Every structure is written in C-alpha cells, then in structure tokens.
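Here is the structure we will look at, set down as structure tokens.
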Amino acid sequence: AAMELPPSSYPASRAASLVAGYACYRRGGPGRGLALRAVRRAAIQDIDDVGHKYHLELVLEDMLDKDSTVNCTAEVLYHLGNKNIAPDVQFTIEGELKNTDEADNVFYKRIKSLEKELVAENIPDSHGNVSPEMEPIRLLAWVASGYVIWQNSTENTNFRLAQIKHVKQVKRSDEYLEFDYMILLHEMVSQEIIPWQMTVLWHPQHGVQVTQDSRQPKHASE
Amino acid sequence: HQVLRIVPTNDEELQKVQELQDLEELQLDFWLSPRGPGYAVDVRVPFPSLQPLKAHLEANGISYSIMIEDVQALVDHERMEMLRSRRQLPLSTSTFDYATYHSLDEIYAFMDLLVAENPNLVSKLEIGRSTENRPLYVLKFSKGGTNRPAIWIDTGIHSREWVTQASGVWFAKKIVLDHESDQGLASILDRMDIFLEIVTNPDGFVFTQTQNRMWRKTRSKRSGSVCVGVDPNRNWDAGFGGPGASGNPCSETYHGPYANSEPEVKAIVDFVNNHGNIKAFVSIHSYSQLLLYPYGYTSTPAPDQHELHQISEKAVAALSSLYGTKYKYGSIITTIYQASGGTIDWTYDQGIKYSFTFELRDTGRYGFLLPAKQIVPTAEETWLALKVIMLHARDHLY
C-alpha cells in the first residue's frame, strides 16, 4: 500500500528531482532542458525485498521558456541494498513539448562548421554569466548530467549541475557532435561538490547520449 | 603570448616539464607550477618560445592544450572593462552598485559609508576576528534606548552562497532608506534594534573570490589533517556531533573538533549571550527557496512549531507576492535533511523563539552561481518575508 508524503518533504523532493533529471535526459537537447517546477503529489510504497517505490505527480518547466510547463506522472523504484544499481524510473509527460528542430539545426550547423574545435571554461562564470553562444552547450551539459545523476542517485542524494568547468569539442568524421565535459555536480545532502567527466554525443535526430563518464577526485586546491 | 595547459600523466612526463623551469632563455612564466602527475601545469609562453616549446612537448609525447590564445587581447579587454565599470571604491551608498557582486573590501567600505551617512541610526560593531584575523563586523540599526529587544540577521555564513552577502548589503541600505517612510519598519525600530552581519564568514568569502568559487566552510587549519575548514552551520552547540554532520575534516559538513571551535561562530554565540535580549534570529543561506524553522538535529517537533509554521506561511506568501517566486517551508529535518549543530537549533534552544533559516534563490538552475541581475529582486522579495517575521516579533514580544 502506498503512503502519502507531504510534497514539500525531502523524500518527495529527492525523488522528484531525479525524475526531472531523467526526463530531461530522455527528452532534452541543446534547445530544450526540463527542470522541476513543483511536486503536486507524492506517495511511497515499501516493496518487500525489492525497495522503495515512489509515485509522483510533478510539474516540469521548459528551461528556456519558464511559462511553458507540462504535467508529469512518474514512478521511481530505488533498489534495496545494492547501491550500484540505478533506480528504475518511468514517466509520462502530458501534452506536447515545444518543437526545437529549428534551433537544433542552427546549433548543429554552427558547430559542424567551426574550423577549430570549440573549447570553453566556467559556464556559468562566478557571477552567473552565460554568453548566448554558450547557452546550448550549457543546456546540453544539463541534459547529459541528467543521465549521470540518474545512474548515481539514491534516496540519500539530491544532485544538481553546479558548473561546467571545462568543455572541449571532439571532432568526429560521422554526423554526431561530440563534447568532452568536466562538470561539477553539487550533491545537496552531503553538500559536496563532485567533479565529473562525461563524454556526450548529440545529433538532432538521435538525441543525447552519454558514452562515457567517470567521477573525478576532488583536487587538493582547497 | 599564449598560455598553455600541460597535464603530465606520469612521473617521466612530470620531470620533463619540471626541467623546463630551468631553461631561462625560454622566459617561461608558470602560472600553475608542476605539482604532480595529473595536476595541470599552466605556463605563459612568449611568442619566440612557442615553436620550440611545442616541438619539445610533442617530441616527448606530452599533450598540451592552448588555454589562452592571446594574452594581450585579454589584458586589453580587461583594461577596457575596468575603465568602463570604474571599480574604484564608491563615494556614497547612493552610487554603490547593488546589482553586482562585490569584494570583501568593497563591502567593508560600504559599511563605513553607511555609518558615516547615517550616524544617528547605524553603527558598526566588531564582534570578533576570523581564523585569518579578519574583523567580523555587525551593523546595528537603532533609534535609541538601552539594550532594546532585538532582531538578528546574518548572511554569508556559507561563503559560496553569494546572493546572501549581496542581499545583506541591500537590506542594510533598505533599512536606512525606509526607517522613517515605511510604517512597518518604523514601528519595528520604535521598539526594537536590528543587528545585521553581512559577511559572517569573511575568510571563506575571500577564498571564493581568489581560489575556489565553491568553498563553503571556514578556513581553519588543524594539525592531523591536510583538509581545511569547518562547516559553520554544524559547529553550534545543539545536538553537536550527532547525525547530520560529519566527523571527517575533509567533508563539507565537518562539524569541527568541538562546538564553537570556529571563531566566526563563537563571536556570534558570545554576542547573543552578552546581549541577552534577542527575540528573533534569522540566518540566511542559498539555494533552494525554502523558509525553515527548528529543529534540524531531532525529529521532535519544536514546542512552538505551530506558531512558527503559521509565521512561515505568511512570510512565504508575502515573498511570493512580489515576483511569484515559490518557496516551500517547514522544519529543517522534514524539509531538507537531518542536520546537527545548526545555528537556529542553538538559538531556539537558547530561548530565541523566532528562529528561522532562509534558503534563497534559485532551485538549482544556477544554484550558487546566481546571475547578478537576480540579486536585487531576490533581496526585495526576501525583505518582505523578513518584515513579516520582524513585525510578528514586535507584536509578540516575550
């Protein structure tokens, strides 16, 4: 039997946050990022010998257009015991997400036609600035980080992408765009800032893929 | 000139890079010196040495990347920017730019200006010194009396939460601007004093500006660990050392060797104890858009939970009324996590009933790196919530 949770309680927030990251990964791209706007309802179910299952009703917002929101229902199953298995996430989005074909193609052509590989650092910078040319790069990182976050989430974590420390384009002979990112994840329960490397592939018709990712050691530059 | 980044991957490569330091004729300027395999080495290379250096690196299979293509271009740009924004210390609090982030020196200069401009309302107190011996300043806003019941507000206890110090600066100016014209604020100051500590963790703040933007803790060093700093919001004597804080000095939530070990915390504890008449205590953090009340260290509800919850509801509604910013509210332990040794748990257990913590904008889109243009809107909406709390305290003095 599922037990109702107050939407503002942290177990609900953490599960909701995970869903948003996962949904963003599945449906996002350089022209569209999804973020959690609100938790409408939450319930938790204890499944013997399996784990905890959350039932959620959420509102997601389009990061490039705050007025554009969609309703989302989701289920998250955190597996008991073995912390190396990613949670199972199922979600349904009600309604249509904005079409981003045009913006995607503009970005795709722009990067494909660069003579020198794109390289950038500190997005946003210390003061929160992101230059317009870097917005799609930033959104792409946000989307890809949804995958890394999903793979590493437990009921005791709540991740956010804090900053892109470094991004480097990797030229490919095929039609995909490839970027090598070094990001900082903020884990809000432990308050740790965790450097993470991820290799991200994208194509307008094929969506976002994280082909490689690895947690990095915290530098002794503290 | 270019700046190259070289990352030696093993000891052999490291040695080859270290040898470069001895080649004086290349006139290499190391911005980051060789430290060990895996650590970046940044070096500024004058034009004539570029070719030979790159050839040398390539011959030895040492990979490098060009970090800065043209140093002169950057320098020229920066000079232009500096002339444009004229980063001299402002001459008055009316010309101070509230919509940008400032250095510690600029904030401390602002405080002195504010006091000089309003000597009958504002005074500056030094309540202690940080680990690195920086003064800890509190602004006192008072219309008179002796040891009136008081409200305490602090910002910047976690140094990376930049919107909080910036909001603190704005609050200070706001109090001065409105202390006669705004009925609510005027009536508060008729009966109570307001204490505002804007940079509660100055060592950490300077560190975020010079070395690591994501630094949270103090900068205290202790023998026995290479790691630096204590989480000042786990260092208070309320459930100290219990679950919800870490005993590992390298952790972001390290509680410290004992309660009040951090001078930044001790200074406030001593101030509160010596004052003896503080009725409301608000500690401001970012991010998450939450208004929280005790407890964090225990799931036992605070005896005044009902009243605190009602005040929170009103405060959050007032905050939202300005720009629609949505906040959640509740006790620390049910809303974010169990946390021991926290500020407002201690102040509440000292008898300061109206103890609250804010987590300001945003919810993670920018997180700690909140764009400067959101500083003023954040401060404006938060001020409305603060007024609800202060007015309630004024009307329910105990």
Side-chain angles (χ1 to χ4, degrees), chain A residues 5-14 17 20-21 33 35-39 59 61 63 66 116-117 119 121-130 138-139 142 156-166 168 184-195 216-222, chain B residues 5 32 35-36 38-40 65-67 69 100-101 158 160 162-163 207-209 211-217 219 226-229 231 233-234 246 250-253 287-288 290 324 326-330 333-339 362-375:
Chain A
L5 288 171
S8 59
S9 65
Y10 69 74
S13 304
R14 290 175 195 176
S17 185
L36 179 67
R37 170 78 83 107
V39 181
V59 181
E61 72 182 19
M63 288 166 75
K66 295 292 181 63
K116 256 196 328 227
E117 289 93 338
V119 173
E121 289 196 324
N122 292 333
I123 302 167
D125 68 15
S126 284
H127 294 219
N129 299 314
V130 180
R138 193 262 193 114
L139 217 45
W142 184 274
N156 297 317
T157 62
N158 195 342
F159 287 99
R160 293 284 185 285
L161 173 63
Q163 192 182 38
I164 299 165
K165 278 313 279 178
H166 189 75
K168 194 179 70 165
L184 294 179
L185 290 176
H186 174 215
E187 200 297 287
M188 296 175 72
V189 180
S190 64
Q191 290 294 343
E192 295 295 333
I193 302 286
I194 309 169
Q216 301 297 302
K218 219 162 112 168
H219 258 179
S221 67
E222 1 274 67
Chain B
R5 169 158 286 182
L32 274 182
R35 257 200 299 176
Y39 287 97
S65 56
I66 300 172
M67 231 176 66
E69 285 255 28
T100 185
Y101 293 110
H158 284 145
R160 61 190 181 199
W162 278 18
V163 71
F207 200 73
T208 59
Q209 306 209 322
Q211 301 267 36
N212 181 352
R213 175 62 178 82
M214 297 293 176
W215 189 259
R216 166 186 168 89
K217 301 187 287 183
R219 293 293 303 164
V226 301
C227 291
V228 177
D231 184 343
N233 199 22
R234 300 288 187 280
S246 172
C250 300
S251 163
E252 295 280 26
T253 55
Y287 58 93
S288 280
L290 304 170
K326 301 257 181 300
Y327 265 59
K328 300 208 283 248
Y329 55 98
I333 198 170
T334 56
T335 315
I336 28 170
Y337 40 50
Q338 185 174 25
D362 58 14
T363 54
R365 172 84 190 265
Y366 288 92
F368 300 123
L369 307 179
L370 196 70
K373 64 179 193 279
Q374 289 198 45
I375 294 172

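Reminder, nothing fancy here: chain letters follow the sequence lines and each chain counts from 1. A quick note: this is a predicted structure, and the numbers were derived from the prediction, not measured.
At a 4.5 Å heavy-atom cutoff, A:A35 makes no contact with chain B through either its backbone or its side chain. Within the 4.5 angstrom heavy-atom criterion, atoms from both the backbone and the side chain of B:T335 approach chain A. For A:L161, the part lying near chain B is the backbone, with the side chain staying farther off; criterion is any non-hydrogen pair under 4.5 Å. With a 4.5 angstrom heavy-atom cutoff, B:Y327 does not touch chain A via any of its atoms. Neither the backbone nor the side chain of A:R37 comes within contact range of chain B; no heavy atoms are under 4.5 Å apart. At a 4.5 Å heavy-atom cutoff, the contact between B:C250 and chain A is made by backbone atoms alone. With a 4.5 angstrom heavy-atom cutoff, A:D125 touches chain B only via backbone atoms.
Note that the NE2 atom of A:H186 and the CZ atom of B:R216 stand 7.0 Å from one another [nearest 0.5 Å]. The CD1 atom of A:I193 sits 5.5 Å away from atom CZ of B:F368, with the distance rounded to the nearest 0.5 Å. Considering OG of B:S65 and CD of A:E117, their distance stands at 11.5 Å, rounded to 0.5 Å. Between the CG atom in B:L369 and the CD1 atom in A:I123 there is a gap of 11.5 Å [rounded to 0.5 Å].
In this structure, B:R213 contributes its side chain and A:H127 its backbone to no donor-acceptor pair below 3.5 Å. With hydrogens and angles ignored, the 3.5 Å screen pairs a side-chain donor or acceptor of A:R14 with a backbone N or O of B:I336. For the pair B:E252 (side chain) and A:S190 (backbone), a donor-acceptor distance under 3.5 Å is absent.
Ranked by heavy-atom pairs under 4.5 Å with chain B, the list A:S126, A:P6, A:P11 is led by A:S126. Ranked by heavy-atom pairs under 4.5 Å with chain A, the first of B:G364, B:A372, B:G367 is B:G364.
Here the side chains of B:K328 and A:S13 are in contact, with some heavy-atom distance below 4.5 Å. For the pair B:S288/A:M188, a side-chain contact is recorded, criterion being any heavy-atom separation below 4.5 Å from C-beta on.
Across all their heavy atoms, A:S8 and B:Y329 have their closest contact at OG-O, 4.3 Å. Nearest heavy atom pair, residue A:Y10 against residue B:I333, reads CE2-O, 3.0 Å. Closest of all the heavy-atom pairs between A:G128 and B:P371 is O-CG, 3.6 Å.
Salt-bridge formation is not detected for the pair B:R365/A:E61: no Lys NZ or Arg NE/NH1/NH2 atom is positioned less than 4.0 Å from an Asp or Glu carboxylate oxygen.
Using modelled atom types and a 3.5 Å distance limit, the side chains of A:Q191 and B:R160 yield a donor-acceptor pair.
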